[in-house]
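All heavy atoms count here, side chains included; hydrogens, waters and symmetry mates do not. Model, not experiment: these values are computed from the prediction.
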Amino acid sequence: QVPLVESGGGLVQAGGSLRLSCVVSGRPIIRYALAWFRQAPGKEREFVAGITWNGGSTHYADSVQDRFGISRDNAQETVYLQMNSLKPEDTAVYYCAVAVSTWISLTEPAYDLWGQGTQVTVSS
């Protein structure tokens with residue numbers, strides 16, 4: 001059983017929107033921060049957005065601030081990433097991740113459960 005399963009990726013024109021979902025089955029998520037990372041071709045994986053265990057605080061990379069929104073539904077064991085005003089430079093494989101603590105971290109070692117990724121392609 002895959003512990004995290006992302007969905008919602010696809011091809012969209014610049015300026016469009018997508019909503020990514022990630023269902024977690026590896027462990028109950030209520031005690032842990034959640035995050036989305038992405039990896040573009042030829043680049044390292046980078047932090048995109050994170051949310052604390054209770055949804056009370058969020059953090060975004062500068063490149064997506066004011067365009068993306070992260071949210072969570074602990075009852076459904078799901079984290080979402082709403083992506084608006086998409087740009088070609090947002091093209092990447094997007095990964096959800098579960099942290100080892102309640103707080104958001106921008107670095108990968110703070111996350112021990114990862115999804116397999118979903119491709120987002122933004123055409124110009």
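Remark: of the listed residues Val79, Ile29, Leu4, Thr78, Thr78 is the sole one forming a side-chain contact (heavy atoms from CB on, under 4.5 Å) with Val23.
Judged purely by atom type and a 3.5 angstrom limit, Gln116 has no side-chain atom pairing as donor or acceptor with the backbone of Glu6. One N or O on the side chain of Arg67 and one on the backbone of Ser85 form a donor-acceptor pair closer than 3.5 Å. Of the possible polar contacts, none joining the Gln13 side chain to the Ser123 backbone as a donor-acceptor pair under 3.5 Å is found. No donor-acceptor pair under 3.5 Å is formed between the side chain of Asp90 and the backbone N or O of Ser63.
For the residue pair Thr91 and Ala40, the shortest heavy atom distance occurs at O-CB, 3.6 Å. Here the closest heavy-atom approach between residue Arg38 and residue Tyr94 is recorded as NH1-OH, 2.9 Å. Minimum interatomic distance between Gln82 and Ser17 (heavy atoms only, all atoms of both residues): NE2-CB, 4.0 Å. Summarising the geometry of Ile104 relative to Ala33, their closest heavy-atom pair is N-CB, 3.9 Å, with the distance given to 0.1 Å. Closest approach of Trp36 and Ile70 over heavy atoms only: CD1-CD1, 3.6 Å. Here the closest non-hydrogen pair linking Arg27 and Val24 is O-CG1, 3.7 Å.
For Arg19, there are no salt bridge (Lys or Arg N to Asp or Glu O under 4.0 Å) partners two or more places apart in sequence or in a different chain. Applying the ring-ring contact (aromatic ring centres under 6.0 Å, His included) criterion to Phe37, with sequence neighbours excluded, gives Phe47, Tyr111, Trp114.
No side-chain heavy atom of Ser25 sits less than 4.5 Å from a side-chain heavy atom of Glu77. Counting heavy atoms from C-beta on, the side chains of Tyr60 and Asp66 never come closer than 4.5 Å. At least one side-chain heavy atom of Phe68 sits under 4.5 Å from a side-chain heavy atom of Met83. Looking at heavy atoms from C-beta onward, Leu34 lies in side-chain contact with Val98 at the 4.5 angstrom threshold. Considering only heavy atoms from C-beta on, Glu46 stays 4.5 Å or farther from Leu106 through its side chain.
Atoms CH2 and OG, on Trp103 and Ser57 in that order, are 7.0 Å from each other to the nearest 0.5 Å.
Counting non-hydrogen atoms of other residues, nucleotides and ligands closer than 6.0 Å to CD of Gln65 gives a total above 12. For CZ of Arg31, the number of neighbouring non-hydrogen atoms (other residues, nucleotides, ligands) closer than 6.0 Å is 12 at most.
Under a hydrophobic clustering in which Ile, Leu, Val, Met, Phe, Trp and Tyr are joined whenever their side-chain heavy atoms come within less than 4.5 Å, directly or via other members, Val48 and Tyr80 fall into different clusters.
Judged by distance alone, the side chains of Thr52 and Asn54 do bring a donor and an acceptor atom under 3.5 Å apart.
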